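Everything numeric in this text was worked out from a predicted model, so none of it was measured. Proteins get letters first, then strands, A, B, ... in listed order; numbering begins at 1 in each.
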Amino acid sequence: MTDLKHRLGDALAAAFVALDLPPELGRVTPSDRPDLADFQCNGALPAAKKAGRNPRDIATQIAEGLAGNPDLASVEIAGPGFINLRISDARLAQRANEIATDPRVGADQVEAPRRVLIDYGGPNVAKPMHVGHLRSSILGESLKRIFRFRGDEVVGDAHFGDWGYQMGLLIGAVLDENPGLSGLVERLNSPETETVTEGEAFKAQADTITLADLDRLYPAAAARGKEDADYRDRARRLTVELQAKRPGYYRLWQHFARVTQVALARDFHALGVDFDLWRGESDVDGLIPDMVHDLDQRALLMDDQGARIIRVARQGDKRELPPLLVVSSAGSAMYGTTDLATVLDRKQTFGPDLVLYAVDQRQADHFEVVFRAAVLAGYAVEGSLEHIGFGTMNGTDGKPFKTREGGVLKLNDLIEMTRTKARERLTEAGLGSELAPEAFEQTASQVAVAALKFADLSNYRGTSYVFDLDRFSSFEGKTGPYLLYQAVRVKSVLRRATDQGLQAGPIQLTDPAERELILLLDAFDSALSEAYDKRAPNLLAEHAYKLAQTFSRFYAACPILPAEGAVRASRLTLAQTTLKQLELALDLLGMHAPDRM
RNA sequence: GUGCCCGUAGCUCAACCGGAUAGAGCAUCCGCCUUCUAAGCGGACGGUUGCAGGUUCGAGUCCUGCCGGGCACGCCA
């Protein structure tokens, strides 16, 4: 299964080779001038530069070499030496029918599947997810689907942030606020004298601590820890105690994790995001002592200012990278320690060829340090760990997104706000009375998710973007709901066709709008493979948008049901195929189109 | 201070190893529902790609400098 771009590229490459020129000059791209051609090849320009010849002469010779190619309706030389190619109707129709019967709707697979682990979401204990988690979740989920569809063996891991100093801070803050609980925890720290009543009393008291409490206590504790040295030292000691699994602290921590997870599951589910693995930092904690020993044995660890570090600076670095801090001066494991242990754990349990970390761009240096340390330690091979950084989501003022009160907007609230907008719009469209309440609610969710996800994924991940709910959910123009709406229109037409007992048939060309649509259907593989190579779903989002837009033009220009005979049959197939590819692209982006909206 | 990223239409964003006339959406204006969902389609308007140099037949894209913005720079994660 080869798309037209590559098929023509092969023909061009052969023509270049016939002139003793390198085949890569035959690279074919969609035409920049659709009024002049379907595809173009610019290879004559660099060829002429190298040989000191006139590019138009080379282009003319290439064109002569293509004479008689049945795929081509015309080959023309334009400008300084562009080779303009127009595909023949016969070949285009043939390709259209090929895509129509292909279960993958024209998309190829990778030649050598790899084992890929994608680390995304990154929720933390005690902190409800906020808008900052949105991008990681949306991006990671889409990459997971794209990689999987391309044929790799992929697992997604939430990588729960449930360990470390923050937990020590939190335990301290909770105990301070609940003196009764504090006493119980101290008692439980000596389990040999624990009574049944104490165990039950602990459970009852712990259960009164909600996620909202944790969310309130943590920022205050973190702030105080920065200023108050004694408070900070105590939190560090508690962290060490927790890491030693002192029973009272450990049980309290388990409660924190449980409470948090319930809320996380709800938010992820609402976004259509799910994980194959729900590993946490705490899961690799047990590996750390042996890992530190191993690093020490191999003389990678150095003592520095009371801490133990791995130096990762290399010659030729443009600036000095900080070392990886493996053991803090207080004796506890650090963020980077856990990340390194996670690399080791994944090597042992999954053996990935590639690990992608969908994490905020601001952590680029941190990951560079961890990756270098992992390579030095032999836990990963160079290049197998990749940080997929992304920019921040800003408010309409251009600054990192805040609520009107200046706080951080919780992800759940954001989703609910978007759903409210979707409900309003659906009601305006009169769907409130047409659909059963559950179906209405489900449709509102699908529209809301599409609004959020498309707004995010249509931007290149590396850049920051402005979050503007009114714009995203206006449902007009380049938005998620627009994509869903186009899918819904096709579904509606196909439903009617089925009701009328109409049959689809082979695709034939009768109108320029059909040509355009088929050329776009053919471009799916390029969009998908480029999104895969660059880990950039925005390229796929762009394709989905163009497909929806091109279909809409086709829909306006070419009546489907009112047409007759073979033309109607052909257009029905074209509509079916467009729907299949559009729904597939939406699925890879993490969206789903309802039947009506 | 050092390093990384960014600067494109009034606004939000694209632009496939450097290629023809830099594209979409929103906003503004004009047109299109007695044919399939008008959340739609067509058209108009809108650009010195931050500034100044350089490389090249050709630069939004590569190089240098400057201006402006964001971010990161070991004991939080």
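In this model, the phosphate group of C75(B) is not approached by any side-chain N or O of Arg236(A) to a distance below 4.0 Å at OP1 or OP2. Distances shown here put a side-chain N or O of Thr463(A) below 4.0 Å from the OP1 or OP2 atom of A14(B). OP1 or OP2 of C41(B) lies within a sub-4.0 Å distance of a side-chain N or O belonging to Tyr482(A). The side chain of Arg471(A) contributes no N or O atom lying less than 4.0 Å from OP1 or OP2 of A27(B).
Toward the 5′ end of RNA chain B lies the nearest nucleotide of Arg27(A), the other residue of the pair Arg27(A) and Asn84(A) mapping further downstream. Residue order along RNA chain B, read from the 5' end via each residue's closest nucleotide, puts Asn538(A) first among Asn538(A) and Lys127(A).
The side chain of Pro559(A) sits closest to C36(B) out of G19(B), C36(B), A39(B). Minimum atom distance to the side chain of Gln363(A) is reached by A77(B), of the listed A39(B), C36(B), A77(B). In this structure, of G74(B), C16(B), A72(B), it is C16(B) that holds the atom nearest to the side chain of Glu530(A). With distances taken from any side-chain atom of Asp365(A) to the nucleotides C26(B), A72(B), C13(B), the minimum falls on A72(B). Across A77(B), U37(B), C16(B), the shortest atom-to-atom separation from the side chain of Lys5(A) is found for C16(B). For Ser552(A), the listed nucleotide lying nearest its side chain is C41(B); candidates were C16(B), A27(B), C41(B). Taking every side-chain heavy atom of Gln549(A) into account, G25(B) is the closest of G25(B), G19(B), A39(B).
Applying the 3.5 Å distance criterion, the base of G74(B) shares a donor-acceptor pair with the side chain of Gln305(A). The base of G74(B) sits with one of its N or O atoms less than 3.5 Å from a complementary donor or acceptor on the side chain of Asp304(A). Between the side chain of Lys49(A) and the base of G58(B), at least one donor-acceptor pair of N or O atoms lies under 3.5 Å. Side-chain N/O atoms of Ser329(A) and base N/O atoms of C75(B) include a donor-acceptor pair closer than 3.5 Å.
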